[in-house]
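Computed from a predicted structure; not experimentally measured. By convention in this document, chain letters (A, B, ...) are assigned in the order of the sequence lines, proteins followed by strands, and residues within each chain are numbered from 1.
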There are 2 protein chains.
Amino acid sequence: MLYAVFMSASVPPFPASQEPVGEAELLQLGPAGDEPCLRADAARNRAALLEAASRLIAEHGAAGVTMEAVAAAAKVGKGTVFRRFGDRTGLLMALLDHSARKLQADFLAGPPPLGPGAPPLERLRAFGVALLYRSAEQLDLQLAAQPEPTRRFVHPSAGALTTHVMVLLRQIVPDADCELLAQALLGYLDPALIHHLTRQRGIPLERLERGWVDLVARVTNTDQPTC
Amino acid sequence: MLYAVFMSASVPPFPASQEPVGEAELLQLGPAGDEPCLRADAARNRAALLEAASRLIAEHGAAGVTMEAVAAAAKVGKGTVFRRFGDRTGLLMALLDHSARKLQADFLAGPPPLGPGAPPLERLRAFGVALLYRSAEQLDLQLAAQPEPTRRFVHPSAGALTTHVMVLLRQIVPDADCELLAQALLGYLDPALIHHLTRQRGIPLERLERGWVDLVARVTNTDQPTC
DNA sequence: AATCAAACGGACCCCGGTCCGGATTTCTCA
DNA sequence: TGAGAAATCCGGACCGGGGTCCGTTTGATT
């Protein structure tokens with residue numbers, strides 16, 4: 001099993017199955033552990049499916065992850081894949097879930113400057129940089145996991161990022177419309193944009209990083225950090 | 001014929017057909033007139049297809065625009081649709097082309113404050129507002145026409161917007177990394193974001209507009225306009 | 001009218017997503 | 001502990017839509 005996983009789509013396409021996630025707190029990504037209470041066979045199959053999926057990605061890239069192929073590789077029926085993960089996006093998201101949780105744990109309760117303890121402005125800077133590098137690492141998967149436009153912002157994981165940035169912003173610029181500002185900032189960290197800038201326009205990640213720091217400084221009306 | 005149209009996908013899936021657009025200038029959206037030099041029957045079919053498509057949209061929403069349905073409604077083979085427009089996205093883009101050109105003409109050569117004549121800062125403000133309202137009007141179509149993430153920024157129309165914002169920014173904040181700043185600003189005007197904020201979170205357009213003006217002020221380190 | 005590039009059309013393939021009869025597991029109660 | 005019932009899960013046939021292919025037709029050119 002290559003990924004510690006958790007499923008997190010929103011609208012269950014199958015009546016009463018699908019792992020529950022609707023109640024996900026704004027800042028808490030669903031139930032804690034890896035395996036929610038599933039029937040034994042279901043749990044086994046899910047693990048097999050995720051392992052198969054990540055193997056397929058390694059072999060043929062994210063594009064080669066076809067639902068049928070995953071099902072076959074896990075020696076499972078196609079319907080099982082959809083029941084468990086809702087749709088293709090759900091499966092891909094599940095593969096990203098591990099790192100999403102890690103990042104979230106880091107900025108919610110990890111050591112400064114990402115976690116609490118550092119001043120908000122520093123945390124915001126660190127947050128962007130962290131997200132930037134994380135996205136860059138898993139860029140292919142991030143792009144493939146991108147849901148259709150109308151669902152891009154509803155996913156709990158996305159909501160958690162938004163909320164966190166919003167909370168930080170409120171401490172830095174209490175008089176601004178932090179909800180909108182947060183979205184503007186997060187737009188800069190969108191995987192699709194990162195892909196375009198780095199892979200299509202050849203801009204190095206370091207420049208994007210400087211760009212983030214600068215953007216934060218401008219948006220918050222603060223000075224660049226002194227280093 | 002409901003839309004003055006022009007095709008603008010990038011990679012022709014059919015060998016030597018597909019309307020040429022590779023040479024599109026950064027600030028000039030492909031050849032001028034509506035109808036590039038096509039064979040008579042081809043031109044006729046294209047018009048029929050676009051009319052059929054926009055009728056289908058009016059009747060069944062953007063989701064009802066299936067390639068087969070469009071072909072049938074235009075009494076044309078399915079292959080013809082793909083030859084002409086490359087893919088579904090291409091067809092939908094073609095429907096948006098008219099308003100895209102109009103907007104571009106407005107900010108390239110129209111009257112101030114959008115067009116040349118006004119100070120760059122004002123033009124930038126006006127640009128965002130214009131784009132905001134245009135996107136809000138055609139939101140469904142804009143969302144449906146969204147290409148897969150890896151192509152979101154390559155389309156000539158998107159490039160034109162970027163370049164324009166960049167040019168304005170260079171006049172306002174010459175020392176900044178205007179390429180990145182432009183992307184950050186444009187991210188705020190992304191149709192998917194507008195959709196989320198207005199339709200899913202219920203934020204009124206006026207607030208988004210104030211958000212834009214504020215964002216511009218922050219990013220450029222200028223004051224809010226006095227009105 | 002002969003020629004040839006360009007356009008046409010619809011059969012075809014692939015993949016995401018759905019459905020439901022039947023198999024497994026878990027629960028309940030003796 | 002074990003049998004029966006209820007809840008859950010499984011699998012693969014099925015559907016619709018996007019995209020491709022290639023033999024055929026049509027319109028421009030000389």
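- Legend: residues meeting side chain to side chain donor-acceptor pair (under 3.5 Å) with A:Arg170, ordered by chain and number and at least two apart, are absent.
- Under the rule for a ring pair (Phe, Tyr, Trp, His ring centres under 6.0 Å), the partners of B:His196 that lie at least two apart in sequence or sit in another chain are A:Phe153.
- For the pair A:Phe82 CZ and D:dA13 C1', the interatomic distance rounds to 14 Å; values are reported in whole Å.
- Residues meeting the side chain to side chain contact (heavy atoms under 4.5 Å, CB included) test with B:Ala42, sequence neighbours left out: B:Leu38, B:Arg39, B:Arg84.
- Annotation: proximity of residues 71-78 of chain A to DNA chain D (heavy atom, distance under 4.0 Å) is found for A:Val76, A:Gly77, A:Lys78, numbered in ascending order.
- For A:Thr66, taking side-chain heavy atoms from C-beta onward, the closest of the listed nucleotides C:dC15, C:dG9, D:dC9 is C:dC15.
- Note that CG of B:Leu185 and CG of B:Leu180 are 11.0 Å apart. Values are rounded to the nearest 0.5 Å.
- Atom CZ of B:Arg201 has 12 or fewer neighbouring heavy atoms from other residues, nucleotides or ligands inside a 6.0 Å radius.
- Atom pair A:Arg88:CZ and C:dG17:C1' shows a separation of 13 Å (rounding to whole Å applied).
- Applying the salt bridge (Lys or Arg N to Asp or Glu O under 4.0 Å) rule to B:Glu209 yields no partners; only residues at least two apart in sequence or on another chain are considered.
- Across the protein-nucleic acid pair, A:Asn45 atom CG and C:dT25 atom P stand 10 Å apart, rounded to whole Å.
- The side chain of B:Thr80 places an N or O atom within less than 4.0 Å of a non-bridging phosphate oxygen (OP1 or OP2) of C:dG9.
- Counting only residues at least two apart or in different chains, salt bridge (charged side-chain N to carboxylate O under 4.0 Å, His left out) contacts with residues 152-162 of chain B comprise A:Asp190-B:Arg152.
- Taking the side chain to side chain contact (heavy atoms under 4.5 Å, CB included) definition, one finds that A:Ala69 meets it with A:Leu56, A:Thr66, sequence neighbours left out.
- Annotation: salt bridge (charged side-chain N to carboxylate O under 4.0 Å, His left out) contacts involving residues 125-141 of chain A, sequence neighbours excluded, comprise A:Asp140-A:Arg199.
- To the nearest angstrom, C1' of C:dG17 lies 9 Å from CE of A:Met67.
- Taking atom CG of residue B:Leu92 and atom P of nucleotide D:dG18, one finds them 10 Å apart after rounding to whole Å.
- The ring pair (Phe, Tyr, Trp, His ring centres under 6.0 Å) check on A:Tyr188 picks up nothing, with sequence neighbours excluded.
- The side chain to side chain contact (heavy atoms under 4.5 Å, CB included) test applied to B:Thr198 returns B:Leu139, B:Ile194, B:Leu205, B:Leu208, not counting sequence neighbours.
- One axis for each end of the helix from C:dA1-D:dT30 to C:dA30-D:dT1, each built from five base pairs, and the angle between them comes to 10° at 10° resolution.
- Look at CZ on B:Arg84: it is 9 Å from C1' on C:dA6, rounded to the nearest Å.
- Put simply, CD on B:Glu68 is 9 Å from C1' on D:dG18, counting in whole angstrom units.
- The separation between B:Leu56 atom CG and D:dG17 atom P is 12 Å, rounded to whole Å.
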What pairs of nitrogen or oxygen atoms, one from the protein and one from nucleotides 26-30 of chain D, lie under 3.5 Å apart?
| residue | atom | partner | partner atom | Å |
| --- | --- | --- | --- | --- |
| D:dT26 | O2 | B:Arg39 | NH1 | 3.2 |
| D:dT26 | O2 | B:Arg39 | NH2 | 3.1 |

